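Below you'll find the structure, written out as structure tokens, and then a few comments.
Keep in mind that the numbers below use all heavy atoms, side chains included, and drop hydrogens, waters and symmetry copies. Small disclaimer: the values here were computed from a predicted structure and weren't measured.
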Amino acid sequence: MAGRRLIIGDVHGHYRSLYRLLELAEPDAEDQVYCLGDLIDRGPDSAKVIALVRSQGYVSLMGNHEHLLSQVLAFPELIELRLHWFQAGGQATLSSFGSWEALAELQPWLQQLPLYLDLGEIWLVHAGVDPDLPLSRQNANEFCWIRDRFLMQTRPFFTNKTILVGHTITCTMNGIQPGYLAAGAGWLGLDTGVYHPSSGWLTALDWDNQRVFQVHAHGDATQIYDLSDRVQTVTPQQLATRRSLLRQPRA
């Protein structure tokens, strides 16, 4: 089990779940732990999540929620931006830090978060990439925020790498059951929706041993699977069907 690369999906302020997940996966000094971003917002303990990740020297990517908070801190006069962050779960993050002053001290750390990491046969990014643009022309708008254009691509972006992403909760994809990872054309989705009412699972993937570790945010349930037993494939057609349904007006 030495020298594993453990990749963790979106935590969203769920410190207890993250702590239990690490207890389950048991990373040691030789393992490398990576978080795919969105450590913050929605859940109650974003400050404790960040403190744990930083104290252990884990690597975290910038997610769209970190990107949004960084913009809020950089432009405090933009009230609409602040309200947008609150609507996305930012109020819980502010409460966990206790004050704007304490939150502002986070800005240097936020600004140094990588947008992606190339680990050889795997390539980590929060949301994805634009399949029609070279990497040199992409930035946080794509790496932190993209969704449909990436997920619905029909050919892998890389010929020799699998892209590991969070951002889009897997059970919101047509045909993916709660708690399952989702596989598309050259990508694997790890955000199993720790805060989502239909799921509640937080996931870590041991890529080198192809093992999945999961804890449930409500209660004490834990589970360990071979990756092949905990991943389902989603097609562009399935994703298009779901997006079409989401665009329909609600009664």
Side-chain angles (χ1 to χ4, degrees), residues 1 4-28 31-56 58-61 63 65 88-89 92-93 95-96 122 124 126 151 162 164-184 187-234 238 242:
M1 297 291 286
R4 299 175 300 168
R5 289 169 293 179
L6 291 169
I7 301 94
I8 298 175
D10 303 26
V11 178
H12 281 299
H14 284 262
Y15 172 80
R16 178 176 178 270
S17 296
L18 176 60
Y19 190 89
R20 291 172 56 231
L21 185 66
L22 292 169
E23 283 190 322
L24 184 67
E26 296 183 300
D28 60 27
D31 295 330
Q32 296 177 338
V33 178
Y34 302 92
C35 300
L36 291 175
D38 281 8
L39 295 176
I40 63 171
D41 298 348
R42 305 193 190 280
D45 296 312
S46 291
K48 293 175 69 174
V49 168
I50 290 176
L52 173 61
V53 169
R54 296 181 70 179
S55 68
Q56 296 301 311
Y58 299 155
V59 177
S60 181
L61 300 178
H65 284 259
T93 298
S95 296
S96 76
I122 53 175
L124 313 186
H126 176 66
L151 297 175
T162 300
L164 304 187
V165 299
H167 189 52
T168 302
I169 296 173
T170 56
C171 70
T172 67
M173 304 178 193
N174 191 21
I176 305 297
Q177 296 175 268
Y180 278 76
L181 283 66
W187 59 264
L188 185 64
L190 275 64
D191 181 4
T192 46
V194 65
Y195 73 89
H196 196 280
S198 294
S199 180
W201 290 104
L202 180 64
T203 293
L205 170 63
D206 171 3
W207 176 261
D208 298 286
N209 294 290
Q210 298 286 281
R211 298 279 277 172
V212 173
F213 301 88
Q214 295 184 314
V215 300
H216 203 273
H218 308 294
D220 298 318
T222 65
Q223 51 196 25
I224 302 174
Y225 289 94
D226 290 332
L227 175 59
S228 59
D229 294 328
R230 202 60 177 171
V231 63
Q232 295 176 328
T233 300
V234 63
Q238 288 173 297
R242 174 185 177 274

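- For Ala88 against Asp41, the heavy-atom pair with the smallest separation is O-CB, 3.8 Å.
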What do the steps show when you test Ile224 against Arg211 for side chain to side chain contact (heavy atoms under 4.5 Å, CB included), and what is the final call? CA-CA 7 Å; Ile224 302 174; Arg211 298 279 277 172; 3.4 Å; yes
Could you check Leu61 against Tyr34 for side chain to side chain contact (heavy atoms under 4.5 Å, CB included), going step by step and ending with a plain yes or no? CA-CA 8 Å; Leu61 300 178; Tyr34 302 92; over 6 Å; no
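- At least one side-chain heavy atom of Leu188 sits less than 4.5 Å from a side-chain heavy atom of Leu205.
- Atom OH of Tyr58 has more than 12 heavy atoms from other residues, nucleotides or ligands within 6.0 Å.
- Across every non-hydrogen atom of Arg42 and Ala92, the tightest pair is O-CB, 4.0 Å.
- The side chain to side chain donor-acceptor pair (under 3.5 Å) analysis of residues 43-55, with sequence neighbours excluded, yields the pairs Ser46-Thr93.
- Not a single donor-acceptor pair under 3.5 Å links the side chain of His14 to the backbone N or O of Val49.
- With a 4.5 Å cut-off on side-chain heavy atoms, Leu22 and Leu52 count as touching.
- In this structure, His196 and Cys171 approach most closely via the heavy-atom pair ND1-SG, 4.1 Å.
- Of the possible donor and acceptor atoms, one in the side chain of Gln210 sits under 3.5 Å from a partner among the backbone N and O of Trp207.
- With sequence neighbours left out, the ring-ring contact (aromatic ring centres under 6.0 Å, His included) criterion links Tyr195 to His12.
- At a threshold of 4.0 Å, the pair Asp208-Arg4 does not count as salt-bridged, since none of the basic side-chain nitrogens sits closer than that to a carboxylate oxygen.
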How far apart are the C-alpha atoms of Leu36 and Asp191, what are their side-chain angles, what is the distance that settles it, and do they pass the side chain to side chain contact (heavy atoms under 4.5 Å, CB included) test? CA-CA 9 Å; Leu36 291 175; Asp191 181 4; over 6 Å; no
Taking it one step at a time, do Val33 and Gln56 satisfy side chain to side chain contact (heavy atoms under 4.5 Å, CB included)? CA-CA 9 Å; Val33 178; Gln56 296 301 311; over 6 Å; no
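- The backbone N or O of Ala221 sits less than 3.5 Å from a side-chain atom of Arg20, completing a donor-acceptor pair.
- Inter-residue side-chain proximity for Val194 and Leu18 is flagged as unmet; no heavy-atom pair is nearer than 4.5 Å.
- Side-chain contact between Val11 and Val53 is absent, with no heavy atoms from C-beta onward closer than 4.5 Å.
- Without hydrogens or angle criteria, Gln232 side chain to Gln177 main chain gives a donor-acceptor distance under 3.5 Å.
- Between Asp10 and His167, the shortest heavy-atom contact is OD2-N, 3.1 Å.
- The minimum heavy-atom distance linking Ser17 with Val215 is given by the pair O-CG2, 3.3 Å.
- Put simply, the side chain of Thr170 never gets that close to the backbone of Ala182: no donor and acceptor are under 3.5 Å apart.
- In terms of heavy atoms, Met173 sits closest to Val234 at SD-CG1, 4.1 Å.
- The CZ atom of Arg230 lies 14.0 Å from the CZ atom of Phe213; values are rounded to the nearest 0.5 Å.
- Distance check: Leu21 CG to Leu202 CG gives 5.0 Å after rounding to the nearest 0.5 Å.
- The pair Arg5-Asp206 fails the salt-bridge criterion, with no side-chain N (NZ, NE, NH1 or NH2) lying under 4.0 Å from an Asp/Glu carboxylate O.
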